[in-house]
Amino acid sequence: MFPAPFEYAAPSTLDQAIRLLQQYGPDARLLAGGQSLIPMMRFRLANPKVLIDLNRIPGMDFLEEDRGVLRIGAMVRHRAMERASLIQQRYPLLADAARVIADPIVRNWGTVGGSIAHADPAGDWGAALLAAKAEVVITGPKGRRIGQRTVPLEEFFTGPFMTALQPGEIVTEIRVPAPGPREAGAYLKIERKVGDFAVVAVGVQIALDADGVCRKAGIGLCAVGPTSLRAREAEEWLIGKRLDEGVIARAGELAAEASQPTSDTRGPAEYKRDMVRVLTVRALRKALERIPMV
Ligand SMILES: Cc1cc2nc3c(=O)[nH]c(=O)nc-3n(C[C@H](O)[C@H](O)[C@H](O)COP(=O)(O)OP(=O)(O)OC[C@H]3O[C@@H](n4cnc5c(N)ncnc54)[C@H](O)[C@@H]3O)c2cc1C
């Protein structure tokens, strides 16, 4: 199917994009990679009168570590996350997630900011970035200097395909705390076939102290709830403990209890809940293996 007719605007600055958003209000939609929006328009699930293209705005695709924070510009493509040596070397949780999003064509276009703003409960960045305890930087009508606010990702997701974005606001950056010396993560996904959305996926990020005791834990769940979810009780269970097999197994059970899967074409709810348990255990083991022994 073809989309309904629409006007197209290609601003060259963020301020222009925000002004256009204000001018057209609910009739306008931002276009990032187009990998969710264009299919929705073709199926007439979205019928914006105006598309505001972010692709011509310079400076929205930075990817850098700055004073203990990984800064991911909203327009960074999935492919750039997959390829960046900074991500491969320092953020294995994010590198794992980037590799299993869709197929190479979608990864070439799709953006981290677009994925987060789309807020699909089956989006891989949601779960991975929740595990990484990410924050979302939002720029509004007052521009970069005074119109910015930062929201923990968990609060940004307010429901299926719903976010804390207000009219006239754009996601401009995602911030992830940089890892400490004994810290690592992993992301594991079950999919029906390569390139598909998750049946279930789990991201974990853990940090140990010098004695091998867990001092920080993040666990994000994908496709098993109305939003990407954080398994808080499982995270809290890990803190202050040595991560032996018994402790890891219990964390898997607690993560499964935190999930809220529904039965659909990707499988029955009971199966998905058990896969949350299995993937949590495996991801924790993998993250532990990745922590450098000093
Ligand atoms: C065949 C196929 C398979 C896929 N498989 C997967 C998968 O396995 N895992 C996965 O996670 N995803 C998957 N996706 C989705 C893909 O990751 C998309 O790239 C992503 O969901 C949306 O990013 P985008 O940049 O394409 O956003 P767009 O489609 O351009 O926009 C999506 C929505 O976000 C809004 N938006 C975009 N950028 C911003 C911004 N900066 N600020 C505010 N609002 C904004 C748009 O207005 C729109 O409402 C798949 C897509 C396809 C087509």
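Read the numbers this way: they start at 1 and go in the same order the structure lists the ligands and their atoms. Just so you know, residue 1 is the first one in the sequence shown, and it goes up from there. In this text, all values refer to a predicted model and were calculated from it rather than measured experimentally.
The two residues A32 and T111 make their nearest non-hydrogen contact at CB-OG1, 3.5 Å.
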Stepwise salt bridge (Lys or Arg N to Asp or Glu O under 4.0 Å) test for K286 and E289: CA-CA 5 Å; K286 193 166 181 180; E289 281 167 21; over 6 Å; no
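Each of R29, L30, L31, A32, G33, G34, Q35, S36, L37, L54, A74, H78, I101, A102, V106, G110, T111, G114, S115, A117, H118, G123, D124, L165, I170, V171, K189, G195, D196, F197 has a non-hydrogen atom positioned under 4.0 Å from some atom of ligand 1.
Under the 6.0 Å distance and 45° angle rule, R71 counts as a cation-pi partner of F62.
Counting heavy atoms from C-beta outward, L20 and V50 have side chains that stay 4.5 Å or more apart. Using a 4.5 Å heavy-atom threshold, the side chains of M162 and F157 count as separate.
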Quiz: residues 271-278 side-chain donor-acceptor pairs under 3.5 angstrom, not counting sequence neighbours:
from: K272; atom 1: NZ; to: T262; atom 2: O; distance (Å): 2.9
from: K272; atom 1: NZ; to: D264; atom 2: OD1; distance (Å): 2.8
from: K272; atom 1: NZ; to: D264; atom 2: OD2; distance (Å): 3.1
from: D274; atom 1: OD1; to: R277; atom 2: NE; distance (Å): 2.8
from: D274; atom 1: OD1; to: R277; atom 2: NH2; distance (Å): 3.3
from: D274; atom 1: OD2; to: R277; atom 2: NH2; distance (Å): 3.4

